[in-house]
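What follows is one structure encoded as structure tokens, with my remarks underneath.
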Amino acid sequence: MRSRRKRLRAGTTREIKAIALRQMTEGGPGAISLRGIAREMGMTARAIYSYFPPGTT
């Protein structure tokens, strides 16, 4: 069984990806905005980077 922290982290990662996919669907790849994703989630744009390994964002 995964820890609560890992489950929450996985959920946040899924939410980030879902919002990015929605942005891309609505406006194309250029419409993806880390600031927009962060704003929608109530976090800072910088915090999003901590959910993905370097070179994958």
Side-chain angles (χ1 to χ4, degrees):
M1 179 186 282
R2 294 189 311 177
S3 70
R4 176 173 168 72
R5 173 180 263 186
K6 287 183 181 180
R7 289 191 315 270
L8 290 172
R9 184 175 184 82
T12 301
T13 301
R14 280 192 303 274
E15 186 178 358
I16 291 167
K17 289 177 180 181
I19 293 169
L21 182 59
R22 191 192 76 236
Q23 287 180 353
M24 187 173 69
T25 301
E26 292 173 354
I32 298 174
S33 162
L34 289 180
R35 286 187 191 276
I37 294 168
R39 189 178 319 111
E40 191 168 326
M41 294 183 68
M43 58 194 304
T44 66
R46 187 175 193 156
I48 290 178
Y49 286 99
S50 68
Y51 286 88
F52 301 92
T56 62
T57 54

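Atom CZ of Arg39 is surrounded by 12 or fewer heavy atoms from other residues, nucleotides or ligands within 6.0 Å. Counting non-hydrogen atoms of other residues, nucleotides and ligands closer than 6.0 Å to CZ of Arg35 gives a total of 12 or fewer.
Connection of Leu8 to Ile16 is not established within any shared hydrophobic cluster, with ILVMFWY side chains joined at heavy-atom distances below 4.5 Å, either directly or through further cluster members.
Listed here is the closest heavy atom pair of Ser50 and Ala47: OG-O, 2.7 Å. Shown here for Ala45 and Ala38, the closest heavy-atom pair between the two residues is N-CB, 3.4 Å. Closest of all the heavy-atom pairs between Ile19 and Met41 is CD1-CG, 3.5 Å.
Test Arg2, Lys6, Arg7 against Arg4 for side chain to side chain contact (heavy atoms under 4.5 Å, CB included) and you get one pass: Arg7.
At a threshold of 4.5 Å between non-hydrogen side-chain atoms, the residues Lys17 and Phe52 count as touching.
Atom-to-atom distance recorded for Leu21:CG and Ile32:CD1 is 8.0 Å, nearest 0.5 angstrom. The CE atom of Met43 sits 8.5 Å away from atom CD of Glu15, with the distance rounded to the nearest 0.5 Å.
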